[in-house]
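A quick write-up on the structure given underneath.
Atoms considered below: every heavy atom in the structure, side chains included; atoms not considered: hydrogens, waters and symmetry mates. In the text below, chain A, chain B and the rest are named by the order of the sequence lines, each starting its count at 1.
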Amino acid sequence: MTETTYREAIRQALIDGMEADADVILMGEEVGLYGGAYGVTKGLIDMFGASRVIDTPISEPAIIGAAIGAAMTGLRPVAELMYVDFAGMAMDQIANQAAKSRYMFGGQIGVPMVLRTQGGTGRSAAAQHSQSLEAWMLHTPGLRLVMPGTVNDAYHLLRQALRQPDPVVVIEHKGLYTMKGQLDVATPDGAWGQPVTRRTGRDLVILTYSRMLHESLAAADRLAQAGVEAEVIDLRCLNPLDEAPLIEAVRRTGRAMVVTEAAVTGSVASDIAARLGESCFDWLEEPVLRLGGEDIPIPVSPALEKGSIPSADLVHDTALWLVTRKAPPWAA
Amino acid sequence: MTETTYREAIRQALIDGMEADADVILMGEEVGLYGGAYGVTKGLIDMFGASRVIDTPISEPAIIGAAIGAAMTGLRPVAELMYVDFAGMAMDQIANQAAKSRYMFGGQIGVPMVLRTQGGTGRSAAAQHSQSLEAWMLHTPGLRLVMPGTVNDAYHLLRQALRQPDPVVVIEHKGLYTMKGQLDVATPDGAWGQPVTRRTGRDLVILTYSRMLHESLAAADRLAQAGVEAEVIDLRCLNPLDEAPLIEAVRRTGRAMVVTEAAVTGSVASDIAARLGESCFDWLEEPVLRLGGEDIPIPVSPALEKGSIPSADLVHDTALWLVTRKAPPWAA
Amino acid sequence: MTVVSNTGPLARYRMMRRIRSFEERVGELFLKGGSAGSMLHLSIGEEAVVGLTDAMRDGDSFTTHHRGHGVFLGRGADPNRMMAEIAGKQDGYCRGKGGSMHIADRALGHLGANAIVGGGISHVIGAGLTYRNRGTGQISVAFFGDGAMSQGILYESMNMAALWQLPVIFCCINNQYGMGTRVDRSAGSRDFPARAAAFGLNAARADGAEVETVHDTARAMVSAAREGRPGFLEIDAYRFFGHARMDKSPYRTPEEEAEGRQRDPLARARARLLAEGAAEAAELDRIDAAAGTEMDGALDHALAAPAPALSTMFQDVYAPGTPAPRPQADRLRAVLAEEARA
Amino acid sequence: MTVVSNTGPLARYRMMRRIRSFEERVGELFLKGGSAGSMLHLSIGEEAVVGLTDAMRDGDSFTTHHRGHGVFLGRGADPNRMMAEIAGKQDGYCRGKGGSMHIADRALGHLGANAIVGGGISHVIGAGLTYRNRGTGQISVAFFGDGAMSQGILYESMNMAALWQLPVIFCCINNQYGMGTRVDRSAGSRDFPARAAAFGLNAARADGAEVETVHDTARAMVSAAREGRPGFLEIDAYRFFGHARMDKSPYRTPEEEAEGRQRDPLARARARLLAEGAAEAAELDRIDAAAGTEMDGALDHALAAPAPALSTMFQDVYAPGTPAPRPQADRLRAVLAEEARA
Ligand SMILES: Cc1ncc(C[n+]2csc(CCOP(=O)(O)OP(=O)(O)O)c2C)c(N)n1
Ligand SMILES: Cc1ncc(C[n+]2csc(CCOP(=O)(O)OP(=O)(O)O)c2C)c(N)n1
Ligand SMILES: [Mg+2]
Ligand SMILES: [Mg+2]
């Protein structure tokens, strides 16, 4: 158990993964000499050489496509998409090629690759560098999708992804790289495919993931001061996802909120809310509420950017409202 | 009022739109000489010339990008993406450029273009030519999205799209092109942004769109024989979408099902179900149920393909179950 | 598994004949209503690609476009399993999930046909990285049409190949058309090898009417690729029939078609073998007849083969032993049954 | 609105100086904590692009990459509104929504800077179609970096331009780096004009240290483009500083940087003007000082300008008068309030 950062945890997972398996290679823009746009791969090219840490031209579709071909022929590539926002150029390779090859080819050819990328707001990076596009990935059968929200998960979900036989999209959060936390390389927070309860509570369940986990936990602390005990569940593995723990918790408390940073319409929050609406209907005291980003592109102005996504305050106020029927001032 | 096909209605809308506005141009693969992969644009190059009906190279990203530039400088392009499955190559131009330009540029530069495409199953076209990807578009603020399910809508939604100041994605259904129906060029089925009730009923509401409208209507007919009256609402305009009529209907009947052809996880059906779960909670007798495609790539075998998406039978059985609690044989 | 390679002119003739016979049977399969869908793209007229497939080696890999039956046969495909797949049957190469446009065979190095124009091109870059990193001496070849010359990913891939000196070849089978668009209506400049050369590739064009010419060029290019000098080969051919089974090619003249069909690699090879005394007419006739019989068998096999069971649709989305997609019926049952209990 | 164009060497010098002064102030803005984020890409060292912007005309349009301040100023931008936008302020060009990487001005023909490498290139194809169809005689120019030479959409766009003979120009500002990657580590072949020529474009390279050389080449290319002969111009320059404000360029040597900075288009232009007797030192000093004063003003303006009101975030997602996004607070209110009533 050591204290480290989310960034360092990912870097350590890459190092350990590459040491454990000589077939693991990294490829992407600036992963080598530059050390990654957010410094995650710093020094790895010196440790593993340029044939395993491959700086690529700025060619997102071909980077993913090359990773697919490498995976098909025996390597275990970790392709990096510098920003998830660039997925738009590469969704054909992600969704039509990586995700579907095993199926289309009747199980003959798997694509055991990891696509590392990062998303989210918080750096005034504007509309094309701040998105949360996990919903596109969740809607693509054949992909796996994980989004670490803690330092320990940043390490373990990546290590686990590196052992999966199918393509795994790992979406990190640019706002978490400098976050500190405990890393226990021997013990994952949970098994692959399992949500993790980060805080227990009897009054409502907040289901969330990635950076919103921390806004939700902060909100839960404040809620506790008001006598409301929120359970906070970190979805972390969006696919595969064992729904049973979610269903149990929501049935137990009768109240649930799903919190995401993505534009709320068509989001992962909508999907989780729909599932819970189906499976917990008779147990619900209140509607399953979605809290997400506004349905707008992300503006560059720091104030507008911040105002467009959920904060601990918003989570707190809404949860309090849901549980106590006390409307917050902004609801007037 | 004339009887015609869905294909002809779209073709007529293009002709009328091009005659009404000299700035309207068509561009895409095979829209000219070939007349469109599904024959929709047959003869238009002869009527309007090669400078208004532009056959392009097979360059999806640049086709959309060119349409964006044309729209920014005063034309009103209708760009065709031959299959919505190819969106993966062009999502950057669709989601990062067309959808966000007005916003990023502070309202200065709009992108009044139409993106015509088609999706769906039914032709054994396999995993890369049969998808329903509207969820990606719905999750993209800045886009408009319509999916005509009737002949009259095929005409009018396209004409209306051609008058919108913002990018509109029109997703047709490959299985509907030969469908016959009534076209009234003077009277749309509904206003832009409005859902249309295709059948009224007191027992439950089936919310759907595109080809699933017809499976749902067929199911409703059979349900009526069993004494169950289903209301069928055609969502048609997924964005903008006036939710008030949906909410009214679901509150009135207390039961609702959302039917889509897309892989159900992360689908538009999830989003609609989540919204109804929020806004109709106290009125619901039963959970809002989602019926969609299986969470798999589309297989080429006709039997498997058919079995992977909802049929009138499945809609019927599930609705009957929801209303009467009579489980169908396959639920045993 | 051993693949036929470097077999000589007569064997190449035989392979080309087998391809043509196979494609003719695919047409029959469609007419009999036995194909899975109508997206069947025949490679008749493009058989000289055998000049390249025959220059490859056991262990080399490749990807193809949607018109890839000929390439795959050239690399040793089993016509029975191919035809069964095209019919969407359980014992097809892909268990009836892929069909004509998504056929593959890991054992033969076929990393997959692709229904996305240009979709499989970049995969050979990855294969090339594997071979380079492991020093195996294998190469990987991307086969695609002239239409893919308009796809950006081709240029991204060629640049990577040249930059990293990968053992790969890009093979453009130029049949002069992308659907209804003749190449002069899609290409700003028609000198495709010049484009590849500008990225640093070893680039050439070969006459697709002459399989031996293709083979000579291909052999040299394959050797260079094995040493890390990636190549680009354009095979100049003609698409004898429509784009897919429904297309009657109204966008081109009968005269053009007649002229194009003069450039028939099979007829030319036959004439050459006879002229050079390398074979006698009777022998070639026997080869032709045997190919016909073989492919009749493939057709019969495909028609008789069983369809996949409905439950197989959930297999192979993910690897065995990992969580599979939950069938919708299970979900509905859980919701409605549990709900009833509450 | 009238834009400065074809102004002569002295005016080009002045413009280059204004660009440099502007960029220096952008750096100060960042250090003062006044910029919206740290994604600020300075075009210092690339000022000779003025050789092309100055060859364009009123009404011509263009798109730029993320390092586009200089290009925009070259086409007549108002430094106050630019700097305010970079600061994320309400009276910036884009009301504080776009920032440095998404600046635009319809009136000046700036169709938009882009934070996606290669993202804006294809837009000039559409502009070219508009001008061609209307016969307006306008041209449209895409400005981008050497990094975009690896983006497939560039080749798709160049092919369309050549095929349709559009009045467009592709301008690659080669500053030798894409982030930390020197061009020899990203390009299989470094002869970029050869790539463009292979698609049928009128292609050239110009020395980015010499604005007048750039201008001469650009003038001819612009004239040709106006007649429907599209062009590709590489401006060979050097990125004086890091990629963005945080980058200290540890991946290159101080020696290389010192050498690169010798290729300073401003210093060269100054020396040339003096040597040719076209200007006196005092005059140039006055120009320099005036530019500094002007850009100090822009900096002050940006710092003092008001931030946008929170509610403006919902504006301009869609056109005025059409349904706007529903604020989340409205939805929550409707759900929780109505729910309470039921
Ligand atoms: C990305 C993409 N765009 C368009 C299509 C539709 N399409 C299928 S084949 C084809 C023509 C391809 O021409 P070419 O590459 O020359 O191959 P050929 O059919 O001539 O063998 C087109 C446009 C597609 N399948 N994928
Ligand atoms: C599609 C895409 N890929 C990657 C990036 C990240 N990125 C931003 S600038 C840059 C380097 C661009 O280099 P170049 O085109 O030469 O422009 P320069 O910064 O040198 O002006 C990269 C990789 C991006 N913004 N967009
Ligand atoms: Mg072709
Ligand atoms: Mg550069």
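- A tilted orientation is assigned to the rings of Tyr155(C) and Phe199(C), their planes being inclined by 30° to 60°.
- Taking the six-membered ring where the residue is Trp, Phe72(C) and Phe62(C) present tilted rings, their angle falling between 30° and 60°.
- Of the residues considered (Asp316(C), Thr312(C), Asp247(C), Asp330(C)), Asp247(C) shows the highest number of contacts with chain B, using heavy-atom pairs under 4.5 Å.
- Contacts between Ala307(C) and chain B at a heavy-atom distance below 4.5 Å are absent for every atom of the residue.
- For Met39(C), the part lying under 4.5 angstrom from a heavy atom of chain B is the side chain only.
- Using a 3.5 Å distance cut-off with no hydrogens or angles, the side chains of Glu85(C) and Ser100(C) do not pair a donor with an acceptor.
- For Asn114(C), the parts lying under 4.5 angstrom from a heavy atom of chain B are both the backbone and the side chain.
- A distance-only check finds a donor-acceptor pair linking the side chain of Thr253(C) to the backbone of Glu256(C) [under 3.5 Å].
- Only the side chain of Met101(C) comes within less than 4.5 Å of a heavy atom in chain B; its backbone stays farther off.
- Only the side chain of Glu294(B) comes within contact range of chain C, judged by heavy atoms closer than 4.5 Å.
- Proximity to chain C (any heavy atom under 4.5 Å) is shown, for Ala125(B), by both the backbone and the side chain.
- Ranked by heavy-atom pairs shorter than 4.5 Å toward chain B, the options Ala329(C), Ser150(C), Ser311(C) are led by Ser150(C).
- Look at Glu257(C) and Arg239(C) and you find no salt bridge, because none of the NZ, NE, NH1 or NH2 atoms lies under 4.0 Å from a carboxylate O.
- Counting non-hydrogen atoms of other residues, nucleotides and ligands closer than 6.0 Å to CD of Glu259(C) gives a total of 12 or fewer.
- Among Thr318(B), Ile296(B), Asp55(B), the residue making the largest number of heavy-atom pairs under 4.5 Å with chain C is Ile296(B).
- Interface summary for chain B: among Pro325(C), Gly99(C), Gly180(C), the most heavy-atom pairs under 4.5 angstrom belong to Gly180(C).
- A cation-pi geometry, defined here as NZ or CZ lying under 6.0 Å from the six-membered ring centre and within 45° of its normal, does not hold between Arg182(C) and Tyr251(C).
- Only the backbone of Arg326(C) comes within less than 4.5 Å of a heavy atom in chain B; its side chain stays farther off.
- Counting heavy-atom pairs under 4.5 Å between each of Ala37(B), Gly32(B), Ala127(B), Ser301(B) and chain C puts Ser301(B) at the top.
- Between Arg275(B) and Glu278(B), none of the side-chain N atoms (NZ, or NE/NH1/NH2) sits under 4.0 Å from a carboxylate O, so this pair counts as no salt bridge.
- When heavy atoms are compared at a cutoff of 4.5 Å, Ala309(C) approaches chain B solely by way of its backbone atoms N, CA, C and O.
- With chain C as the partner, the residue from Arg123(B), Glu29(B), Glu305(B), His129(B) showing the most heavy-atom pairs under 4.5 Å is His129(B).
- Per-residue counts of heavy-atom pairs under 4.5 Å with chain B were compared for Gly178(C), Cys94(C), Pro308(C); the largest is that of Pro308(C).
- Between Phe232(C) and Phe144(C), the two ring planes are tilted [angle within 30° to 60°].
- With a 4.5 angstrom heavy-atom cutoff, Leu291(B) touches chain C via backbone and side-chain atoms both.
- Among Arg331(C), Gln90(C), His243(C), the residue with the largest count of heavy-atom pairs under 4.5 Å with chain B is Arg331(C).
- The part of Leu289(B) that comes within reach of chain C is its side chain, from C-beta onward, which places non-hydrogen atoms under 4.5 angstrom from that chain.
- Only the side chain of Met82(B) has a heavy atom closer than 4.5 Å to any heavy atom of chain C.
- Residues Val288(B) and Met257(B) are not in side-chain contact: their nearest non-hydrogen atoms beyond the backbone lie 4.5 Å or more apart.
- The candidate with the highest count of non-hydrogen atom pairs below 4.5 Å against chain B, out of Ala87(C), Gly147(C), Gly118(C), Gly92(C), is Gly147(C).
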(request) Please report the C-alpha distance between His69(C) and Phe22(C) in whole Å, then the side-chain angles of each, then the deciding distance to 0.1 Å, and finally whether the ring-ring contact (aromatic ring centres under 6.0 Å, His included) criterion is met. (result) CA-CA 8 Å; His69(C) 302 162; Phe22(C) 181 86; 5.8 Å; yes
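- Between Tyr177(C) and Tyr238(C), the ring planes lie perpendicular to each other; the angle is over 60°, past the 30° to 60° tilted range.
- For chain C, the option among Pro61(B), Pro310(B), Gly292(B) with the highest count of heavy-atom pairs below 4.5 Å is Gly292(B).
- A donor and an acceptor atom, one from each side chain of Glu172(B) and Tyr6(B), are nowhere located under 3.5 Å apart.
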